[in-house]
Amino acid sequence: MILPDGWKEEQLGNLLDFKNGLNFSQNPNGKRLSFLGVGNFKNKKIIRDVSELDEICLTDFPDDDYLLKKDDLVFVRSNGSKELVGRCVIIGEDFDHATYSGFCIRGRLKSEATTAYYIENLIDAGFLRQKLKKDARGSNISNLNQEILGELLLPFPPLAEQKKIAEVLSAWGKAIELTEKLVAEKELAYSFYVKKLIEDVMGKKEQHLSQGIRIETLFDEVSEKNHSDSAVLTIVQGTGTVLRDDSGRDIIYDRESLGHYKFVRRGDFIIHLRTFEGGLEIANQDGIVSPAYIVLRPKMKCASVYLYELFHTDRFIKQIMAPAVEGVRDGRSVKYDVLKKQKIYLPSLSEQEKIASFLACAKKEITLLRSLATEYRKQKQWLMQKLLIGSIRVKI
């Protein structure tokens, strides 16, 4: 790697002292201790508050060397899957009596030539991932160790430039964090709207289901076949149909059998293999789906967004659909012959449409915010790739 004047490469072992975590034996009657486990690394860059950690009970507190301090870097050493191996978080504050898992390695600064935040940016930029892939001859290894970390060669500008780069990247990090927090709040609000506008109303009307209609009155079961030239769709639970080629799933199917697949129109509802778990899904476009699915086509005018949310409420799944579920565990399925006799309460079409319009606007806002967070992440990644090797410089 060709670096700008004043930059140098340094092995991480010259900057950090490493220590593996311990595999603790817990004692329910022992002393309570905050605990950084592998689960705390998901979507985390920094641990700012001890409340973010889990708790364990030990007979005795571990030695001071195993207690976390401000600016410690903690790496995932091993995990059940390879996804988190090499992930890194910073301890943002001094915590009393907080330790870390035996599946982790703690790195503690032993040099004033850099900062924990700058090293975290280098790890986040992918330098460690690249080394893991190289050492594993093309695929991520399932275990990290102190030797690999210590030998990791990283580019470092002068300390003042490091701090400025970290400051720039921190601005993008805060934008991502705030946007993702807003998404979470909007999603919580959306769930509240569905509960108040649909689920609670349905619950109040259940005592008077003479006003309700049977599901078989609302839908026709259809089984149109011989549409092998149509787009092949798959079900994503909580989303509905997507193009199979865009699903990100490696699904093998026999193209010769597509003539047996069932044709769906946009707005049809589908009883699929996991319906018992999450409710009916919707066809977001015309296409064909597995012949194992049951396709339901509305035969009266209704607001599909309203119905979709109704079919995903806990009340519908646990009370209305439950009598139609047969089998055990993953062998469970929904029997439409039973489900179609169940009644649901539907408000007037105009009320359905008002609620559906309101929910559609709320969901569009969430989608736009998610897209904004994704764009911020792309911008930060691009900046990291440029700033951390000196191809773009910051003014000190």
Side-chain angles (χ1 to χ4, degrees), residues 187 190-225 233-242 260-284 289-349 351-353 355-356 359 363:
E187 288 176 335
Y190 189 87
S191 298
F192 174 81
Y193 299 147
V194 170
K195 180 169 176 54
K196 291 299 180 184
L197 296 175
I198 298 178
E199 188 167 18
D200 286 356
V201 172
M202 184 170 63
K204 291 175 184 177
K205 297 293 183 179
E206 278 179 355
Q207 299 174 4
H208 309 284
L209 272 180
S210 57
Q211 305 175 47
I213 61 171
R214 286 185 172 183
I215 289 175
E216 65 182 347
T217 305
L218 180 59
F219 293 113
D220 277 326
E221 181 182 356
V222 295
S223 186
E224 292 183 39
K225 298 183 179 179
L233 308 176
T234 192
I235 298 289
V236 174
Q237 199 162 320
T239 299
T241 59
V242 297
H260 300 291
Y261 276 43
K262 294 180 179 178
F263 180 72
V264 293
R265 295 177 186 166
R266 183 178 180 181
D268 287 350
F269 284 84
I270 302 164
I271 298 176
H272 60 103
L273 301 180
R274 307 298 295 186
T275 287
F276 68 86
E277 200 172 58
L280 281 67
E281 290 301 335
I282 193 169
N284 294 313
V289 297
S290 167
Y293 299 159
I294 294 172
V295 179
L296 304 177
R297 184 162 296 158
K299 56 184 178 181
M300 61 175 63
K301 211 165 182 184
C302 55
S304 59
V305 170
Y306 182 94
L307 282 180
Y308 184 79
E309 295 299 345
L310 185 155
F311 291 150
H312 283 76
T313 60
D314 282 346
R315 186 174 295 276
F316 178 82
I317 293 167
K318 294 177 180 177
Q319 295 185 19
I320 295 175
M321 191 171 68
V325 177
E326 294 184 356
V328 295
R329 297 186 181 178
D330 284 348
R332 285 177 290 178
S333 62
V334 176
K335 302 299 180 185
Y336 184 58
D337 286 347
V338 178
L339 181 62
K340 70 182 182 181
K341 302 297 181 184
Q342 296 289 88
K343 285 185 174 182
I344 58 173
Y345 169 77
L346 284 180
S348 67
L349 178 60
E351 188 174 350
Q352 289 179 49
E353 288 174 338
I355 293 172
L359 292 176
K363 187 161 277 189

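Computed from a predicted model, the values in this text were never measured in an experiment.
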Notebook entry, point to check: Which residue, Ile235, Val289, Thr241, forms the side-chain contact (heavy atoms from CB on, under 4.5 Å) with His272?
Noted result: Ile235
Margin query: So which atom in Gly279 and which in Ile317 form the shortest heavy-atom distance, rounded to 0.1 Å?
Written below: N-CD1, 3.8 Å
Notebook entry, point to check: Ile198 and Thr313: which non-hydrogen atoms are nearest, and at how many Å?
Noted result: CG2-CG2, 4.4 Å
Checklist line | Arg274: side-chain hydrogen bond (donor to acceptor under 3.5 Å, both in side chains) partners, not counting sequence neighbours | finding: Glu277, Asp330
Next item on the list: Only counting residues at least two apart or in another chain, list the ones meeting side-chain hydrogen bond (donor to acceptor under 3.5 Å, both in side chains) with Ser348.
Entry: Ser350
Note to self: Just checking Arg266: does its CZ atom have more than 12 heavy atoms from other residues, nucleotides or ligands closer to it than 6.0 angstrom?
What the structure shows: no
Item checked: Minimum heavy-atom distance Leu349-Cys302, with the two atoms named -> CD1-CA, 3.7 Å
Margin query: Using the salt bridge (charged side-chain N to carboxylate O under 4.0 Å, His left out) criterion, which residues pair with Asp337? Sequence neighbours excluded.
Written below: Lys340
Item checked: Non-neighbouring partners of Tyr190 that pass side-chain hydrogen bond (donor to acceptor under 3.5 Å, both in side chains), sequence neighbours left out -> Glu309
Next item on the list: For residues Arg332 and Gly327, report the shortest heavy-atom separation together with the two atoms involved.
Entry: CG-O, 3.3 Å
Notebook entry, point to check: How many angstroms lie between atom OH of Tyr336 and atom CD1 of Ile215, to the nearest 0.5 angstrom?
Noted result: 7.0 Å
Notebook entry, point to check: Below 4.5 Å, heavy atoms only, C-beta onward: do Leu273 and Tyr293 meet side chain to side chain?
Noted result: yes
Next item on the list: Output all residues satisfying salt bridge (charged side-chain N to carboxylate O under 4.0 Å, His left out) with Lys225, sequence neighbours left out; order by chain, then residue number.
Entry: none
Checklist line | Among Leu280, Ile270, Asp220, side-chain contact (heavy atoms from CB on, under 4.5 Å) partner for Leu296 | finding: Leu280
Notebook entry, point to check: Residues two or more places apart in sequence or in another chain: which of them pass side chain to side chain contact (heavy atoms under 4.5 Å, CB included) with Ser191?
Noted result: none
Next item on the list: Report the residues that fulfil salt bridge (charged side-chain N to carboxylate O under 4.0 Å, His left out) with Arg297, sequence neighbours left out, ordered by chain and then residue number.
Entry: Glu224, Asp268
Next item on the list: Answer yes or no: is there a side-chain heavy-atom contact under 4.5 Å between Leu218 and Leu346?
Entry: yes
Next item on the list: Hey, could you give me the OG/CD1 distance between Ser304 and Ile282, rounded to the nearest 0.5 Å?
Entry: 4.5 Å
Notebook entry, point to check: Under the side-chain hydrogen bond (donor to acceptor under 3.5 Å, both in side chains) test, which residues partner Lys335, sequence neighbours left out?
Noted result: none
Next item on the list: Could you pull out all residues at least two apart from Glu187 that satisfy side chain to side chain contact (heavy atoms under 4.5 Å, CB included)?
Entry: Val183, Ile366, Arg370
Note to self: For a quick test of reading the model, state the closest non-hydrogen atom pair linking Asp314 to Glu199 and the distance between them.
What the structure shows: N-OE2, 3.3 Å
Check: If every non-hydrogen atom of Ile355 is compared with every non-hydrogen atom of Leu197, which pair is closest and at what distance?
Finding: CD1-O, 3.8 Å
Notebook entry, point to check: At what distance, to the nearest 0.5 angstrom, does NZ of Lys343 lie from OG1 of Thr217?
Noted result: 8.5 Å
Check: Can Val305 and Lys363 be said to form a side chain to side chain contact (heavy atoms under 4.5 Å, CB included), step by step?
Finding: CA-CA 11 Å; Val305 170; Lys363 187 161 277 189; over 6 Å; no
Checklist line | Distance, nearest 0.5 Å, that separates CZ of Arg315 from CG of Leu310 | finding: 10.5 Å
Item checked: Rounded distance [0.5 Å steps], OH in Tyr193 versus CG in Leu359 -> 9.5 Å
Checklist line | Partner set under ring pair (Phe, Tyr, Trp, His ring centres under 6.0 Å) for Phe269, not counting sequence neighbours | finding: Phe219, Phe311
Item checked: Partners passing ring pair (Phe, Tyr, Trp, His ring centres under 6.0 Å) against Tyr308 (at least two apart in sequence or in another chain) -> His312
Checklist line | Sequence-distant partners of Phe263, ring pair (Phe, Tyr, Trp, His ring centres under 6.0 Å), two or more places apart | finding: His227
Item checked: Point-to-point distance, once rounded to the nearest 0.5 Å, from CD of Gln237 to OG1 of Thr275 -> 7.5 Å
